Amino acid sequence: MAEFRHSSSLGSRATSSPRPPRENDDSSPLIHDHLPDGDGDDDRSRHLSCDRDRPFWSFLHFFSDDPRVSQYNSIISLLLLLLLLLVGLISAFSIVKRLNSPYLCKKDGIVLHCPRVKESPSLWENPFSATTSWKPCAERHDGEISDLPPENETTGYIFIHAEGGLNQQRIAICNAVAVAKIMNATLILPVLKQDQIWKDQTKFEDIFDVDHFIDYLKHDVRIVRDIPDWFTDRAELFSSIRRTVKNIPKYAPAQFYIDNVLPRIKEKKIMALKPFVDRLGYDNVPLEVNRLRCRVNYHALKFLPDIENMADLLVSRMRNRTASSNPYMALHLRFEKGMVGLSFCDFVGTREEKARMAEYRKKEWPRRYKNGSHLWQLALQKRKEGRCPLEPGEVAVILRAMGYPKGTQIYVASGQVYGGQNRMAPLRNMFPYLVTKEELASKEELDHFRKHVTSLAALDFLVCLKSDVFVMTHGGNFAKLIIGARRYMGHRQKSIKPDKGLMSKSFGDPYIGWATFVEDVVVTHQTRTGLPEETFPNYDLWENPLTPCMCKA
């Protein structure tokens, strides 16, 4: 986290020395030696004495013998002098104010003190939502004619392992349905593969409503619950290279599957595809296929009723933590040890902490780490480009600059934060009404969901989805899916995606004042509130489902 401190640089102060007196002024030849003898000596002496006693602007006297002109010129000179004096005072005040202005927020140990900001009336609503007229249109309507061929006329069966965490698995399932449609194949219910990191044994039916999934898509793609009985060697499907299509490129076009995968399915009748998380592109597939992916994501994939009910209970508790009903913010805080390490960014910490992180990176990513000599320059570049996760303290300062008060209710969706409570302290102290699901629900209530890590992730997903304001701090499938779903559902709810590049520049400026920082934050994020955006080549369908999945109202 950027260190929040007072600027300690001091400007140089100019000094002026008094003019030393002239030696032997009384015997100066300019006064005595050239005066002629006679009665005029006294008069001339008085005249010279008067000249010495006049103010410095009396030189105007020599330009006119008219007393009125002399008086007028004297007034002008006096006004000029006063103006110069005023300019000097203003400049001095500005310098002192700049030298003594706080660098964003004062840091007192692990506590940040930021100046107050006037609360905006649009804190809890998307201020530009009324200016758009988009509506969701990926759902299937009653009465639509099915173009699904009979079961015996499909080209064969495809089987996938949905890898990674819950959100990677969700994307893989949507892509699997789309690929089955492209090749006119039958989809075997995807397996949620146990991941080395997540260590989870969850099955599809442990998280999602299988009956709803199959029934909702019955007019689009044929889906079966299990491998057909006629295929007796099931182990072969998981292990045999002859039964697996590998090396599918990332973001492959629809034509790739038609040219390279479909012939093998026709030959073998059943094939496994792996890996399969991001193996289908966005802008190189038919429009109706992209719309089908949205149909799967927003309509066909429903969590089990007990997950939905528990999430609704958590949402109710967030809104009613005080005497009256309150809006709440959901914050997806991506600052786990793995994310910090993988980012290869530099963060504030002790030497010992930085040394331990260096060892961790060297062990986990030896190819990228190399000898570590290049990492400092890489870290500076990544931060400048906005590719580093925001620290909890940085998030606290940004939210305060946006106008969110101390009493804001915040639900945090996060793994174990790197640095523990000390790292979280600035955020928690500035926003004390900050909770996680573990603090919002009892141990007994959550025990039922602890059997499957993805069940707990599903609770976070739903509570964030239903929040009044959603704030992401770094990229990732979780945040993309949340922002995309909120856009699809009507974009009335605000979703904030911080401009990390601008924020890092501001945090690194030792002279920026609080007022300037607040103005930058507010102006920059006026349009980063989750409205549907016009699509562009290689856009991300999950974050912005506008063109294929939304229509003009």
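The residues of the chain are indexed from 1 along the displayed sequence. Since we're looking at a predicted model, the values are computed, not measured.
Proximity of Q169 to I207: side-chain heavy atoms (C-beta onward) are nowhere separated by under 4.5 Å. A heavy-atom distance below 4.5 Å is found between the side chains of R225 and I214. N175 is not listed as a side-chain neighbour of V277, based on a closest heavy-atom distance of 4.5 Å or more. In this structure, the side chains of M318 and V315 stay at 4.5 Å or more apart for every pair of heavy atoms. Using a 4.5 Å cut-off on side-chain heavy atoms (C-beta onward), L217 and L187 make no contact. Looking at V177 and R293, their side chains never come closer than 4.5 Å, going by heavy atoms from C-beta outward. Residues F159 and H161 meet the side-chain proximity criterion, which asks for heavy atoms closer than 4.5 Å. Within the 4.5 Å cutoff, no side-chain heavy atoms of V453 are placed close to those of T202.
Separating the CG atom in N326 from the OH atom in Y433 is a distance of 9.5 Å, to the nearest 0.5 Å. Remark: I158 CD1 to F276 CZ distance equals 6.0 Å, nearest 0.5 Å. One finds the CZ atom of F478 at 7.0 Å from the CZ atom of F461 (value rounded to the nearest 0.5 Å). The line from NZ of K302 to NE2 of H212 is 5.0 Å long, rounded to the nearest 0.5 Å. Interatomic distance, Q168 CD to D278 CG, rounded to the nearest 0.5 Å: 8.5 Å. From K466, atom NZ reaches atom OG of S316 across 11.0 Å, with rounding to the nearest 0.5 Å.
Checked by atom type and distance alone, the side chain of S343 never pairs as donor or acceptor with a backbone atom of R387 at under 3.5 Å. With hydrogens and angles disregarded, a donor-acceptor distance shorter than 3.5 Å links the side chain of R361 to the backbone of V340. No donor-acceptor distance shorter than 3.5 angstrom exists from the side chain of Y216 to the backbone of E139, with no hydrogens or angles considered. Within the 3.5 Å criterion, the main-chain N or O of C464 finds no donor-acceptor partner in the side chain of Y411. Checking side-chain atoms of R295 against main-chain N and O of A300 turns up no donor-acceptor pair under 3.5 Å. Within the 3.5 Å criterion, the main-chain N or O of A425 finds a donor-acceptor partner in the side chain of N429. No side-chain donor-acceptor contact under 3.5 Å links R334 to the backbone of H474. Between the S504 side chain and the R383 main chain, a donor and an acceptor come within less than 3.5 Å of each other.
Listed here is the closest heavy atom pair of A178 and V289: CB-CG1, 3.7 Å. Residues L304 and D206 share a closest heavy-atom pair of CD1-O, 3.3 Å. What you find for V518 and A401 is that their closest heavy atoms are CG1-O, 3.6 Å. For the residue pair T524 and D520, the shortest heavy atom distance occurs at OG1-O, 2.6 Å. Heavy-atom minimum distance, F208 versus L166: CZ-CD1, 4.0 Å. Pairing each heavy atom of R486 with each of L465, the nearest pair is NH1-O, 3.1 Å.
Aromatic rings of F335 and F347 (six-membered ring for Trp) have centroids within the 6.0 Å cut-off, being under it. Ring centroids of W542 and Y488 are separated by 6.0 Å or more, keeping the two rings apart. Aromatic pair F213/F204: centroids less than 6.0 angstrom apart.
Between W365 and F344, the ring-plane angle classifies as perpendicular under the 30° and 60° cut-offs.
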Test W514 against V397 for side-chain contact (heavy atoms from CB on, under 4.5 Å), laying out the working first. CA-CA 10 Å; W514 177 250; V397 176; 3.9 Å; yes
Under the side-chain contact (heavy atoms from CB on, under 4.5 Å) criterion, do L123 and T408 qualify, and how do the steps go? CA-CA 11 Å; L123 277 183; T408 301; over 6 Å; no
Give the C-alpha distance, both sets of side-chain angles, the deciding distance and a yes or no for side-chain contact (heavy atoms from CB on, under 4.5 Å) between R317 and Y328. CA-CA 10 Å; R317 290 175 181 175; Y328 75 94; over 6 Å; no
Any chance you could lay out the side-chain contact (heavy atoms from CB on, under 4.5 Å) test for R170 and N477, step after step, and finish with the verdict? CA-CA 9 Å; R170 189 183 191 100; N477 292 320; over 6 Å; no
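Salt-bridge annotation for D460 and K437: present, with a side-chain N of the basic residue lying under 4.0 Å from a carboxylate O of the acidic one. Salt bridge annotation for K382-D346: absent, with no cationic side-chain nitrogen under 4.0 angstrom from a carboxylate oxygen. Salt-bridge annotation for E353 and R423: present, with a side-chain N of the basic residue lying under 4.0 Å from a carboxylate O of the acidic one.
Among R319, Q493, Q409, K494, the one residue that satisfies the side-chain hydrogen bond (donor to acceptor under 3.5 Å, both in side chains) test with D468 is R319. Considering I482, N544, L546 in turn, N544 is the only one that fulfils the side-chain contact (heavy atoms from CB on, under 4.5 Å) rule with R487. Of the residues listed (V179, L541, V296, L481), the one engaging C174 in a side-chain contact (heavy atoms from CB on, under 4.5 Å) is V296, and it is the only one.
Within a 6.0 Å radius of CD in E519, other residues, nucleotides and ligands contribute 12 heavy atoms or fewer. Heavy-atom neighbours of E439 CD from other residues, nucleotides or ligands within 6.0 Å: above the threshold of 12. Within a 6.0 Å radius of NZ in K354, more than 12 heavy atoms belonging to other residues, nucleotides or ligands are found. Around atom NZ of K443, no more than 12 heavy atoms belonging to other residues, nucleotides or ligands sit under 6.0 Å away.
Between C549 and C137, a gap of 2.5 Å or greater is found separating the two SG atoms.
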